[in-house]
Each structure stands twice: as C-alpha cells, then as structure tokens.
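Each remark here refers to the structure printed beneath this line.
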Amino acid sequence: MADEAVAEHPAEPAAPKAKDARAPEAPRGARGDDNAKDAPDAPGSSDASDAADAEAAEREKERERAADRFKDRTRDPLAEEQGEEEPTDAAAATRARRSGQKLLASGRDLIGFDRSDVGRLHIGDINIGLDARRSGLSMRDGPVPEEELLRIRRTHIEPEGYVRLRRALEARRLLVLGGAPGTGRASTALALLEEVTRDGESGQNAERVRRADPERGVRELAAQVVAGEGGRLRGTGYLLEPALDRPGTLPPDGMDLDQLASALAERGSYAVVVVSVGSAANPLLAGRYGAICPPAPTRELVAVRLRKRLEEEHGDPVRVGGGGSARDGDGGGGLDGHADRDRDGGRDEGRARGADQGGDRPRGGGPDEAGSLSRLLERAAELREDPEVTGAVGLDDLRPAEAELFASLLAGHLLGSVGREELLSGCRGLAAVQAYEWFAGVDRALAAPPPGDGRAPVRSGTAALFHPVAFRIALAVLGGASHSAVSAAAHLLTWELSVQSDPDSTPARPLFCDDPESDLALSRARPADGPVDVAGAEVTGRLIFYRGAALPAAVLAELWDRHFPVRAPVVRWLRLLADDPRPQVSMRAAVAAGELSVRDFEHGYAELVRPLAEAPTPRRRVFAATALDQAAGHASHRRAVRKVVEDWSRHGTPALRWTAAMALGYGRSADSMDDTLDALARIGVRDDGEQLAVASLNVVRLLTLPECATVLRRLADWTGHRGEEYQDLALVSIVRLALTDVDEVLDDEPGTPLGDRGDWPLLLALAATRPELTGKLADLFWTALNTARSRDVAFDALETLLRSASRKDGREWTREGLAALLPALTAEEHDRRRLDWLLQRMMRDQDRPLTEERARALWRLAVPARQRRSDEEESHG
C-alpha cells in the first residue's frame with residue numbers, strides 16, 4: 001500500500017470482509033513453494049470449455065474442504081473437553097508449572113540426610129539430641145532442677161512481647177501460652193515462671209518451679225495447688241502442657257481456668273499452661289488468660305549460640321553458664337546468652353543479665369587469644385551468610401533446636417572438625433528433621449484409649465487429627481497457590497487420610513473449625529499477596545508459601561520414603577487434583593507427582609503416570625506428561641523417561657501417543673532435538689493426521705528452546721516433503737506459531753529477551769530477539785500464506801499480527817517484531833500488493849476498522865522508503 005493509496009483513496013473498492021474473501025494469489029513457483037502440493041494455480045483462461053469450468057469448480061470445492069480440515073487442525077487440542085469457544089488458559093498453566101518447579105528445585109536431587117536415628121544427629125564430633133518423638137506426655141510431676149532454672153535465667157532469648165507476658169502472669173497468676181511446637185514456647189514458659197517465683201515465698205525453695213502431669217488436666221492441677229503437698233508448697237510456679245490433640249480429650253473451659261487462677265492466688269503461686277495453636281486451643285487463647293508466644297529471633301539465636309560454642313572450643317571461659325544442648329522441639333532451655341532486653345519499653349533493674357552479643361568479653365586469656373577469638377567471630381559471621389550455606393539450610397528462620405545445631409555446625413567447620421561437605425549435609429538435614437517431627441507417629445493417638453476410664457479407643461477425631469498434616473502435604477504440593485486452594489485441597493486429603501485410617505467409619509467433616517493463623521503457625525508458612533490467574537486474567541490474591549525453600553521437598557521425601565501406608569490416599573488425592581480446572585492446582589500437583597515418582601519410579605509410574613496418561617480427558621493426560629517431564633529433569637531418571645516416551649510414540653494407544661507428544665514438547669524426553677522432532681512427526685502423521693494438532697502444538701513449544709534453529713530447519717524440510725501429512729504438520733505449526741503467545745509456551749521467568757515479551761505472538765517475539773532467524777521465519781510464514789489450504793487461516797493470523805503493533809491506548813506493542821518480519825515477508829511486489837489488499841480490508845472492517853494513521857504506519861514498516869520510491873517510479877513508467 002503506497003502512502004498515497006491510503007491517504008488519497010481510503011474508500012477505494014477492496015475485498016469485503018465476508019468469509020469467502022480471498023487475497024490475491026501468488027504466481028505458481030513463487031519463493032519457497034516449489035514443492036507445496038496445492039500451491040495456488042494461475043488464473044484460468046476466460047474462454048475455457050464447460051468441462052474445464054466444471055473441473056475447476058470441483059477443484060475449488062476440494063480446496064475449500066481441505067481448508068476446512070486444515071482449520072480444524074489449528075484449533076487448541078487442549079480444549080476438546082471444554083468446547084471450541086472456550087479455550088484453555090495455557091499461560092496460567094505454564095506459570096503454575098514454573099512456580100511449582102521453582103519451589104521444588106532446591107538442589108536436592110535425591111539427596112537425603114544420612115541418619116540412622118533421627119533423634120540424634122552426629123556430624124563430625126558434634127552430637128546433639130533432636131528427638132521429635134519426645135512430647136509433653138513424657139513429662140511427669142516433679143520439680144525443675146535449680147541448674148536448669150539457672151541456665152534458663154542466663155541463656156534464654158526473649159521473644160517479642162516478653163515483658164507483656166510477664167506482667168499478665170503477675171496480674172492474673174495464670175497464663176495460657178499458645179505457640180507452634182518447636183518455637184521455644186516451653187522455654188519461655190519456664191523463663192517466666194523462674195522470674196516471677198524468684199523473689200516470692202518460695203524463692204529459696206528447690207522446688208519453686210514444677211512440671212505438672214499433662215494427663216491430669218487443669219482441674220487436677222487446681223486440686224494439686226490447693227493441697228500444696230500438705231501446705232508445704234507456696235509461691236510455686238507450675239508448667240502444664242495438656243495433650244489436647246488426643247481424640248476424646250476435651251479442652252478446659254473458662255470456669256476450669258477461673259478455678260485454677262483462684263487456687264493459685266490463694267497459695268501465692270503461678271501457672272503457665274502451654275498449648276499448641278489450633279482449633280482445640282483457640283477458645284483458650286481468646287479468653288482472658290490467653291496469649292500467643294512469638295518465636296525467638298533467629299539471628300540472635302544463632303549469633304549467641306555460635307559465640308558460645310566458639311568460646312567453649314577456643315578455651316575461653318564464658319561469663320555466663322553453659323547452655324546445654326537442644327533436647328527437643330521446644331528447646332527445653334534457651335539457646336543463647338544474649339542480654340535480657342525489654343522490647344516493650346524497659347526491664348526491672350537488678351535482674352541477672354546474660355552475655356551481651358557484641359560487647360561482653362570472656363574472662364581469662366591474653367590479648368592474642370582475644371584477637372584469635374575475634375577473628376573466628378568475623379569468619380563465623382561471613383560463613384553464616386555464605387549463599388551456599390544459607391541455600392543448604394533452606395529455612396527462612398530457625399527454631400531453638402535448629403539454631404543450636406546450625407551454630408554447632410558452623411563452629412565445628414571453623415575449628416576444623418567438620419568438613420565443608422559435612423557442613424552442607426548437616427544444614428540440609430535441618431529441613432529433613434522438621435519433616436520427620438511433623439509426621440512421626442501422628443496417628444499413634446488413635447490407638448490409645450481416652451485418659452482415665454480404659455474404654456475402647458475413640459476414633460471420631462480422625463479429621464481433626466489429620467488436618468494439620470494434610471495441610472502440610474497440600475502446602476508442599478501447592479505452595480505458591482492461593483490460601484483458599486491449599487486449604488480446600490487439605491480438606492480433601494484429610495478426608496482421604498481419615499477413610500484410609502478407619503474405613504468402617506464415615507469421618508466427620510468439621511465446617512467451621514478452620515483457623516488460617518493456626519495453619520500458618522503449625523506449618524511454618526507465610527502469606528503473601530500475589531497474582532492469581534482467573535479465566536485468563538490476573539487478580540491479586542492471598543498466596544501461601546513455606547517459610548523455607550527446603551521444606552516442600554523435605555515433606556514430600558519424608559512422606560514417600562518413610563510412610564508407605566499413606567501413599568494410597570495421597571495417590572487418590574493427586575488424581576482428584578489432576579481434574580481440578582484451575583491450572584494453579586492441577587499443574588503444581590503434576591510437578592509434585594513427578595517429584596514423588598523420582599523417589600520411587602516403579603510406584604509412581606504404575607499408580608499415577610500410566611493410568612492418567614491413558615485417561616479420556618486432556619487435562620489428565622497433560623498431568624501425566626508434566627509429571628514425566630519433571631522426572632526427566634533428574635539425571636538419574638532421564639533415561640527411563642525417554643524410553644517410556646519413545647515406546648508410547650511408536651507403539652502406544654492414541655491416548656498414550658497424545659501424552660507422549662505433550663511430554664516431548666518440554667524438550668527433555670528425547671536424546672536430542674532431532675529425535676524429539678522425529679517422534680513428534682511420527683505421532684502427527686499417523687492415522688491420517690489424527691493427532692496432528694497436538695503434535696504441532698508441541699513443535700511450537702520447542703521453538704522457545706535454544707535449539708530453535710533446528711526446529712525451523714525441520715519445518716522447512718517438512719514443507720518440501722512429498723507426503724501431504726508432513727506438509728500439513730509444517731503448515732499447521734507455522735500458523736500456530738503466529739497465533740501462540742510467548743507466555744503460553746515459555747518456561748523462562750521475566751527478565752529474558754523472550755520472557756519480557758510474554759504477551760507477544762511467538763513469531764514476532766522470535767523475529768525481534770533472534771534476528772538471525774528472521775529470514776527463515778519469513779520464508780515459512782510466506783509458504784503458509786501461499787498454500788491454498790492454509791491461506792485463509794494464515795491471512796487471519798497475519799491480520800492478528802498487524803493489529804498487535806500497538807495497544808488500544810496507542811502505546812507501542814509488537815512494532816519491533818513487525819519491523820523485523822514484514823520487510824522479509826514482502827520482498828516481492830506481489831507480496832506488497834497482497835499486504836495493501838489486507839490493510840484496506842482491515843480499514844473497512846465494520847467491527848474493528850483500522851485507522852488510516854495505523855495503516856500508513858504498518859505500510860511503512862513493511863516497505864522501506866527506498867522500495868516505496870522504486871514502486872512508485874515503476875507504476876508511473
């Protein structure tokens with residue numbers, strides 16, 4: 001279209017928008033189309049016989065039928081179950097898969113933490129107890145030794161709001177302290193009781209702080225306080241950790257707590273009742289005695305414990321007493337000697353203070369020793385921030401026992417007793433130990449009778465018992481999805497676990513017991529606002545993640561490697577997730593299924609991959625293909641996956657071949673790109689092109705990989721193939737390349753040349769970012785434009801490309817890609833006339849008329865100024 005044609009004759013006759021409108025045809029034998037089977041014929045003679053006219057009409061009908069068949073093959077093969085007018089959201093599926101892979105790709109390719117007994121960790125010369133199986137039920141009535149109280153006083157690190165907790169305890173005599181297991185809540189409770197009883201009636205009594213039997217409960221503790229061991233105990237502090245998670249155990253009510261508080265006031269005593277946050281304890285924590293115990297700050301825990309370890313190993317005495325080793329998940333005692341600080345605005349004077357993190361100097365030792373210790377501390381600070389070390393830990397914050405181990409590992413490495421590999425292995429073990437604690441003996445309580453009466457075991461509480469572990473599993477599988485999606489999936493899994501545990505009973509499904517804050521605390525999770533894909537659009541939602549990149553993989557490994565009976569309900573649950581219409585659920589579940597299959601490929605293949613690969617719905621087959629590709633990402637399983645995909649592509653049923661094509665599109669299920677393309681061609685041309693649509697889709701997906709040039713070369717070879725099926729595979733792939741957006745097929749994060757053009761058509765994005773491929777891209781698209789059966793669809797695609805030059809508000813969009821592609825696409829005069837025809841048709845479109853200004857701009861992109869002058873001179877002689 002010359003500038004004058006657009007400017008002076010905007011209304012000159014042009015082909016109408018009707019369906020049978022055709023672009024000017026190219027001369028026979030034009031560029032790149034010598035071998036196309038049905039290249040456009042030259043215009044026939046006007047004086048042809050009636051027989052010739054009839055033959056031409058029949059040929060025209062056949063071309064129309066071929067064009068209709070071709071159009072059918074360009075439809076979305078993933079939308080079969082949803083209908084032609086409801087396309088799938090491939091971009092959302094790609095983003096969900098990428099997010100799932102990112103959360104599970106923690107560098108732990110089947111790396112497990114070597115431990116013969118997870119209750120104790122032995123690395124180098126470090127031996128620390130971390131027995132997850134110890135619980136409050138193992139404690140019995142008895143006084144807390146004075147040595148332990150002294151250690152608590154000297155080494156406890158106070159969480160935020162500690163002074164507020166102490167004042168509440170002093171005012172009410174009773175405090176119900178809630179927190180997640182392992183966060184140091186028992187240590188804080190002991191610190192509070194030690195402080196409030198220190199100057200009271202039992203200040204000199206060796207039994208001034210006592211642990212109460214958890215099986216007795218609040219009522220029995222009140223009676224014990226009133227009795228006071230025959231009047232001997234006054235001003236005593238009591239620590240009670242009731243087992244509220246046992247089926248058949250009811251939490252105390254408000255009157256029970258009031259009765260206990262009254263008894264404590266009468267005897268001048270105090271009590272702290274430690275409970276786990278959750279539905280059973282929430283009424284207690286919401287009452288007048290309730291309070292939440294925040295975890296101690298990680299950096300201070302590690303820094304002070306590391307300083308203490310170095311001082312001990314260096315030979316310098318520590319100003320404060322030793323801290324002992326971490327004994328259980330609640331850290332039975334504090335883990336550092338940091339100075340007591342009043343985060344609420346001040347502390348009582350005269351209290352004993354621990355060693356200050358930065359300013360306290362050890363007694364003894366000369367200047368050289370102090371200098372040596374100072375250098376060790378500097379190296380320790382650098383090692384603690386080493387990216388490889390923090391990556392191996394994989395936890396956003398450490399709990400007291402974990403901080404103890406981490407500090408010991410760092411100190412051992414600095415002092416030469418722990419090698420680098422041992423250090424990293426020990427750091428990786430922190431997440432593994434946490435996962436072990438979460439699942440060890442969860443359902444053991446179901447086999448135990450309710451306390452007191454010796455009746456048969458009560459199993460009606462299975463749903464409440466299994467929900468926390470179900471939520472952790474759901475978060476490991478769906479981390480990064482919306483909180484509501486994770487919670488709904490957790491309830492589905494809770495049902496499956498309950499039915500598996502007690503198949504003769506229908507488990508209860510509580511409807512109003514969810515507590516999002518408890519779920520976060522019990523699962524070491526964090527919320528975050530982020531994008532959620534809904535019907536092809538992104539909206540802001542509340543997402544949820546683990547507080548640590550290592551936890552999802554650790555949870556899946558613990559679940560699959562150590563708890564075989566749980567596999568059956570988890571497999572059923574994953575199959576349910578495979579049917580979820582939300583890509584954020586089904587694709588993340590597919591990635592997790594692939595990771596589980598890597599842990600035991602025989603079981604994963606038999607129970608998940610193969611059954612879903614033969615399913616009648618595309619969604620389930622995509623799930624199986626994604627799981628296979630995830631397994632292929634592990635070098636240990638790549639060969640097995642490639643053998644499976646190769647067999648399916650050659651000898652499989654139609655459903656298996658379809659699944660193999662989707663797996664091949666990821667680019668990791670064959671030995672080379674040529675092998676991948678051979679397999680896709682084998683699938684696409686078989687049975688008269690029955691699966692040509694899915695094969696062409698995955699050819700396009702391969703164009704986002706570095707071997708893009710190889711794919712283009714094979715497409716060119718297929719256009720010249722003698723077999724019509726190969727030609728169709730190439731032509732459909734070329735048209736699909738122009739109709740597919742980058743973010744529908746690209747795995748890269750934003751920040752890469754293609755990733756920054758996520759809403760561009762892939763054809764234009766490649767032309768803009770890979771200039772060396774522009775000629776090949778133009779030749780292939782030109783072939784589709786000049787082949788009769790693909791011409792109509794290709795012209796519609798070209799119109800879509802032209803309209804993408806700028807956005808509705810006038811901002812530039814794909815102009816850079818069109819500027820690279822159009823000149824190569826319109827190198828000959830006939831091509832420029834055809835573009836002129838198309839632009840004028842777009843200007844006359846009644847629904848979306850193209851403005852004259854934009855038409856002129858597009859013409860200038862396609863035809864350089866020098867070429868425009870040459871055309872004008874030729875037209876005027």
Mind checking whether Val699 and Arg714 have side chains closer than 4.5 Å, heavy atoms only? no
What residue among Arg639, Arg682, Arg657 forms salt bridge (Lys or Arg N to Asp or Glu O under 4.0 Å) with Glu646? Arg682
Residue pair [X] / [Y], side-chain donor-acceptor N/O under 3.5 Å:
| X | Y | answer |
| --- | --- | --- |
| Arg686 | Gln691 | no |
| Gln584 | Arg95 | no |
| Arg736 | Thr74 | no |
| Tyr726 | Thr719 | no |

Donor-acceptor pair, distance only, cut-off 3.5 Å: does the side chain of [X] make one with the backbone of [Y]?
| X | Y | result |
| --- | --- | --- |
| Arg621 | Ala615 | yes |
| Arg668 | Asp629 | yes |
| His413 | Val418 | yes |
| His637 | Val598 | yes |
| Asn698 | Val694 | yes |
| Thr390 | Pro387 | yes |
| Arg620 | Pro616 | no |
| Ser425 | Glu421 | no |

Can you name the closest pair of heavy atoms from [X] and [Y] and give their distance?
| X | Y | value |
| --- | --- | --- |
| Ala96 | Met587 | CB-CB, 3.9 Å |
| Ala797 | Leu739 | CB-CD2, 3.7 Å |
| Ser790 | Thr783 | OG-O, 4.5 Å |
| Ala550 | Val393 | CB-O, 3.9 Å |
| Arg757 | Ala768 | NE-CB, 4.2 Å |

Any residue meeting side-chain contact (heavy atoms from CB on, under 4.5 Å) with Arg547, in chain and number order, not counting sequence neighbours: Asp396, Asp397, Arg526
Distance to the ring centre below 6.0 angstrom and angle to the axis at most 45 degrees; does that hold for Arg562 and Phe439? no
Here's one to test your reading of the geometry: is the NZ or CZ of Arg599 within 45 degrees of the ring axis of Trp560 and under 6.0 Å from its centre? no
I'd like to know whether CD of Glu602 has more than 12 heavy-atom contacts from other residues, nucleotides or ligands below 6.0 angstrom. no
For Asp674 and Arg713, run salt bridge (charged side-chain N to carboxylate O under 4.0 Å, His left out): C-alpha distance rounded to whole Å, both residues' side-chain angles, the deciding distance at 0.1 Å, then the answer. CA-CA 10 Å; Asp674 280 321; Arg713 174 179 57 80; 3.2 Å; yes
